[in-house]
Number of protein chains: 2
Amino acid sequence: MRTCVSGMAAGSSMEWLKSVKGVILDMCGVLYDSGEGGGRAIHGSIEAVKRLMDSGLIVRFCTNETQNTREKFVQKLRAMGFDISVSHVFSPAPALVRILRERRLRPHLLVHDDLMPEFDDVDTSSPNCVVIGDAADKFSYQNLNEAFRVLIGLEKPLLFSLGQGRYYKETDGLKLDVGVFMKALEYACDVQAEVVGKPSADFFQTVLNDMSLQPHEAVMIGDDLLNDVGGAQRCGMKGIQVRTGKYRPSDEKHPSVRADGYVDDLAAAADAILTNH
Amino acid sequence: MRTCVSGMAAGSSMEWLKSVKGVILDMCGVLYDSGEGGGRAIHGSIEAVKRLMDSGLIVRFCTNETQNTREKFVQKLRAMGFDISVSHVFSPAPALVRILRERRLRPHLLVHDDLMPEFDDVDTSSPNCVVIGDAADKFSYQNLNEAFRVLIGLEKPLLFSLGQGRYYKETDGLKLDVGVFMKALEYACDVQAEVVGKPSADFFQTVLNDMSLQPHEAVMIGDDLLNDVGGAQRCGMKGIQVRTGKYRPSDEKHPSVRADGYVDDLAAAADAILTNH
């Protein structure tokens, strides 16, 4: 038996879903919970993805994951049972590499070791900007200090952050995300970082372009109220928050961001979408 | 030969010094540069402190130092040649311990190992607040995450920060200060920290009370434009910035804070004060 959507029947509460032609899915906290051994699929999510894809809706995946290359990350998801192809997954590192090329920038990288192959073809000599990703344990005092010294030594400090998340949930509890260290370096150097990834409008637009859809034709489903739901809404999309992953009950009383729907999990979201489709 | 004050003769540029009865001195970056082996005295500063004290002015020391107990810290300065007594030094940890007692708070401590003895008599069981100091290398991802989990687990997250400095200068270069990690945890938990130490008005007022002076009768001398000079000015004191320690030429073009005088070092500050005294 499926739990009701926000305490109401799925069909009645989100009639706006009738106009939706495409679905963008956040991954961590929606499809799976990360953690030791790569994490585990959230109950019902593998089937939910399959049902959405089989329905004729255009489905894309949009993640701020920066602890792995996109290829390795998709491999991990496929091993869990998700039928996902690399070309349908949008993540910050490839988007940043394009920006670095276009603007001829040479980064000092403070990113996870497993993300490093994304930057294999990038010139990192005499850095003229700093890039941080979800480096997790690599966010040592020494490494942060090194990034800080590069940044403050530049005539015009330029900081890129791969996402701006506050924290995420792993199987053993909440963990600090890259946004926290972005704020740290922003304060240290009195600069504002350029965020690549959600909730950047450019990032969402790239996904919409790939889907050949207008914003009002797409819905974003995520566990992060600000970066998934709020970000998508600012682009003109609808946003649904799932009560899995980093969701906290207080999200439903947030002073400035309100999701277009709250559902217990991705399976419930798929029910609501397919009922209205 | 003494370098001129801000390019002008010391006596002519700061006539307001005539009304000053007391001097509050920042320590790191004004008296000495910290670093390996405890650091080293800045040229001319030992004599400058002596001259100020001998002149009949009331002299106090005000530091955001939290890598040592106040006792050990003063021992270090005395070993360098400074004639300073513990009772004339104001630092954040003893001020915080008073607050914790008054408000019956039990802290989770993320502070330097050498500061821990300040908290010997403080109950740290079942913490209901988090305290961060300049923990330096102890600001690992794991320790920050632990502090974050305590904070976000509280019904009303309460964070104390011993100072809010951005960075300081050691003999081997600039180092990130506690304020950077305060901003990190503030963002992670959507809270605003209570700052104990400079530039908190309460902290400056404690020093003024000890001197039995009104704010307009005292001048603060520091290397930190925002926390020393700006903080003192907001309390009604005058503030002089020295061009030692973490001073950067861009400080003299800061959009919102302007020191009442800029001098090359503490010796030049003493010259200016004693010329006008």
Side-chain angles (χ1 to χ4, degrees), chain A residues 67 110 112 132 134-153 155-157 161 164-170 172-193 225-227 246 248-251 253-257, chain B residues 67 110 112 132 134-153 155-157 161 163-170 172-193 225-227 246 248 250-251 253-257:
Chain A
Q67 284 205 359
L110 176 45
H112 200 283
I132 59 170
D134 173 17
D137 289 328
K138 262 181 82 180
F139 279 128
S140 63
Y141 182 71
Q142 200 183 338
N143 286 342
L144 272 171
N145 216 43
E146 199 185 336
F148 159 67
R149 287 183 184 184
V150 171
L151 207 50
I152 199 127
E155 197 178 343
K156 205 176 165 186
S161 184
Q164 61 177 26
R166 291 163 196 256
Y167 53 85
Y168 51 88
K169 194 181 171 187
E170 293 214 326
D172 65 342
L174 297 177
K175 299 233 170 151
L176 291 169
D177 199 359
V178 63
V180 167
F181 300 94
M182 174 190 85
K183 287 289 170 186
L185 290 174
E186 282 186 342
Y187 180 69
C189 300
D190 203 14
V191 293
Q192 188 161 15
L225 183 70
L226 301 178
N227 291 304
K246 76 177 72 167
R248 286 156 55 94
S250 59
D251 289 346
K253 296 169 194 160
H254 194 277
S256 56
V257 178
Chain B
Q67 284 204 359
L110 176 46
H112 200 283
I132 59 171
D134 174 16
D137 289 328
K138 261 182 83 180
F139 279 128
S140 63
Y141 181 70
Q142 200 183 336
N143 286 343
L144 272 172
N145 216 45
E146 198 185 336
F148 158 67
R149 286 184 185 182
V150 171
L151 207 51
I152 199 130
E155 198 179 341
K156 203 174 168 191
S161 185
Q164 62 177 26
R166 292 162 194 255
Y167 53 84
Y168 50 91
K169 193 181 173 191
E170 294 214 326
D172 64 342
L174 298 177
K175 300 234 169 149
L176 291 169
D177 199 359
V178 62
V180 168
F181 300 93
M182 174 191 86
K183 288 288 170 186
L185 289 174
E186 283 187 342
Y187 179 70
C189 300
D190 203 11
V191 293
Q192 188 160 15
L225 183 71
L226 301 178
N227 291 305
K246 76 177 72 167
R248 287 154 55 93
S250 58
D251 289 345
K253 296 169 193 158
H254 193 276
S256 56
V257 178

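Chain letters run A, B, ... following the sequence lines, proteins first, then strands; residues in each count from 1.
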**Request:** Write down the atom of A:Y167, the atom of B:I152, and the distance for their closest heavy-atom approach.
**Result:** CE2-CD1, 3.7 Å
**Message:** Filter on salt bridge (Lys or Arg N to Asp or Glu O under 4.0 Å), then keep only pairs touching residues 134-143 of chain B, sequence neighbours left out; what's left?
**Reply:** B:D113-B:K138
**Asked** By a 4.5 Å heavy-atom criterion (distance strictly below it), what part of A:F139 contacts chain B: side chain, backbone, both, or neither?
**Response** both
**Asked** How about residues 143-150 of chain A versus chain B: which residues have heavy atoms under 4.5 Å apart?
**Response** A:L144, A:N145, A:F148, A:R149
**Asked** Looking at B:S140, B:A135, B:A188, which makes the most heavy-atom pairs under 4.5 Å with chain A?
**Response** B:A188
**Message:** A:E186: which residues meet the side chain to side chain donor-acceptor pair (under 3.5 Å) condition with it, sequence neighbours left out?
**Reply:** none
**Prompt:** Given that the side chain runs from C-beta out, which part of B:A136 has a heavy atom under 4.5 Å from chain A: side chain, backbone, both or neither?
**Reply:** both
**Request:** For A:K169, enumerate each residue passing the salt bridge (Lys or Arg N to Asp or Glu O under 4.0 Å) test, keeping only those at least two apart in sequence or located in another chain.
**Result:** none
**Message:** So which atom in B:K175 and which in A:Y141 form the shortest heavy-atom distance, rounded to 0.1 Å?
**Reply:** CB-OH, 3.4 Å
